[in-house]
2 protein chains.
Amino acid sequence: MGADGTSRFDPAIGRRLRGLREARGLSLSELARRAGVGKATVSGLEHGTRNPTLETMYAIAAALSVPMSALTLDPGAPAGAASPVRGAAVVSTLLEVFREPGATYEMFRLRILPGAEQTSPAHPPGVTEHLSVIRGTIRTGPAAAPLTAAAGEHLSWAADAPHVYAALGGDEAQAILLIRTPHSPPLRSPNV
Amino acid sequence: MGADGTSRFDPAIGRRLRGLREARGLSLSELARRAGVGKATVSGLEHGTRNPTLETMYAIAAALSVPMSALTLDPGAPAGAASPVRGAAVVSTLLEVFREPGATYEMFRLRILPGAEQTSPAHPPGVTEHLSVIRGTIRTGPAAAPLTAAAGEHLSWAADAPHVYAALGGDEAQAILLIRTPHSPPLRSPNV
DNA sequence: CCCGATCGTTCCGTTTACGGAACGATTTCA
DNA sequence: TGAAATCGTTCCGTAAACGGAACGATCGGG
């Protein structure tokens, strides 16, 4: 909570909330009733004077029949919200992560820049990469035996050996990459 | 806060947090330091025993360099209306399937044909869909509150309520879709 | 081996979020 | 018109989130 009584997070959240509420023709009081939260809470969130808990946020989002991201995130932001990580030839942006008892999945969007090649070190044993090419043509996979895939094609390889990424044809390529990391080894971020 | 001391929101948030943290090779203590929050808070969130405030959530997401939505999977809209209508707006190609002890992941490439909208029935409880738009603009997600995403953007929603797919703008759209189905239900193909 | 550093969990005093109630303003309806 | 209902803001007692400290466990290095 800021010294002036306002919240430290983006005040746009309160504006978005109010916009959604009014679009549904709900009064503040009615929304609070439906969400099972206090009117003071809804009022405070709309005005940026309260810092609600996660439960409260979910309750409000559910009462509005919207996903949480409708309140907490700019709709157009996903691609830009995570910080892209730039390597020699690859710019990767994390889209989502899933943790299972035995493995973690990370989903990235990749931009592979022309004119350069990137070699990634071996991931720990058992890590696999699964790449679906969106645009352009990519040479990728195990450094010892790279594969080539064009837009619309899909590749998988074991990433526990050095592997490469390069865009062919002089144009930037793009892909969706899913990294599956079995548990046991310490997890590390992309090393794409 | 539930009577048994656990939180009422989706415990997957804590799992996702832990997965991301470990993927970054961060200890709980280090993440807490970077986020400027207490270790007890991070520990409590990972174990579902605390209900953090929005500020705290943002601080943690920022420390992980991920958007908030990477942590807060959209709960989706309440079950909306009627019986799903299966149309012919979507052509889906299964790319890969990953089976984990607790869940199965199916990765598809979708072509969404213009001029039609397809509504999918609710999947069993807990099923989620995660879609990254490759080309065009798509309206998709919970039928009660559909979202729009253009090429380069990423969306997620709970698929245990009816959900829709439509290409906007008169052109075919394309996307990569990841469906996560927690175990118990038998596997089924897309119901897209 | 011992010691220091770090870990994640728990403790606990402090701060703050919670929602019911109070309140003045506004709206609705007979 | 007047009464009742509802509104959104504020108040305030209660519960819970906060983070620093304590603690036992683990790890790494001399």
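Chain letters run A, B, ... following the sequence lines, proteins first and then strands; every chain starts at 1.
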**Study point:** Aromatic ring pairing Trp157(A)/Tyr165(A), orientation class (parallel under 30°, perpendicular over 60°, tilted between)
**Key:** perpendicular
Point to revise | Residue-phosphate contact under 4.0 Å: Thr56(A) side-chain N/O, dA17(C) OP1/OP2 | key: no
Check your understanding: Between Met57(B) (CE) and dA17(C) (P), how many Å, whole number?
Key -> 16 Å
Exercise for review: Check every strand shown and say whether Val42(B) touches a base, only sugar-phosphate, or nothing at a heavy-atom separation below 4.0 Å.
Suggested key: nothing
Review point. Is the backbone of Thr72(A) close enough, under 3.5 Å, to the side chain of Tyr58(B) for a donor and an acceptor to pair up by distance?
Key: yes
Point to revise | salt bridge (charged side-chain N to carboxylate O under 4.0 Å, His left out) against Arg135(A), all qualifying residues, sequence neighbours excluded | key: none
Check your understanding: For Thr53(A) and dC18(C), is the shortest distance between a side-chain N/O and OP1 or OP2 below 4.0 Å?
Key -> yes
Review point. Where the side chain of Asn51(B) meets the backbone of Thr53(A), is there a donor-acceptor pair that is under 3.5 Å apart?
Key: no
Exercise for review: Check whether any side-chain heavy atom of Met107(B) lies under 4.5 Å from a side-chain heavy atom of Tyr105(A), and answer yes or no.
Suggested key: no
Close N/O contacts between protein and nucleotides 8-12 of chain D (under 3.5 Å):
unit_1	atom_1	unit_2	atom_2	d
dG8(D)	OP1	Leu28(A)	N	3.1
dG8(D)	OP2	Leu28(A)	N	2.8
dG8(D)	OP2	Ser29(A)	N	2.8
dG8(D)	OP2	Ser29(A)	OG	3.2
dG8(D)	O6	Lys39(A)	NZ	3.4
dT9(D)	OP1	His47(A)	NE2	2.9
dT9(D)	OP2	Ser43(A)	OG	2.7

Point to revise | Integer-rounded Å distance: dA17(D) P and Leu54(A) CG | key: 11 Å
Exercise for review: Could you tell me whether a side-chain N or O of Glu153(A) sits under 3.5 Å from a main-chain N or O of Ala150(A), the two making a donor and an acceptor?
Suggested key: yes
Check your understanding: To the nearest Å, how far apart are Leu45(A) CG and dT16(C) C1'?
Key -> 15 Å
Study note, to complete from the structure: Hits for side-chain contact (heavy atoms from CB on, under 4.5 Å) against Ala166(A), two or more places apart or cross-chain, chain-then-number order -> Glu117(A), Arg139(A)
Practice item. For Glu172(B), check salt bridge (charged side-chain N to carboxylate O under 4.0 Å, His left out) against everything at least two apart and list the hits. Key: Arg111(B)
Exercise for review: To the nearest Å, give me how far apart CZ (Arg33(A)) and C1' (dG20(C)) are.
Suggested key: 13 Å
Check your understanding: Does a side-chain N or O from Thr41(A) land closer than 4.0 Å to OP1 or OP2 of dG19(C), or not?
Key -> yes
Exercise for review: Take the C1' atoms of the five end pairs on each side of the helix from dC1(C)-dG30(D) to dA30(C)-dT1(D), derive the two axes, and give their angle rounded to 10 degrees.
Suggested key: 30°
Check your understanding: By side-chain contact (heavy atoms from CB on, under 4.5 Å), which residues pair with Ala62(B), not counting sequence neighbours?
Key -> none
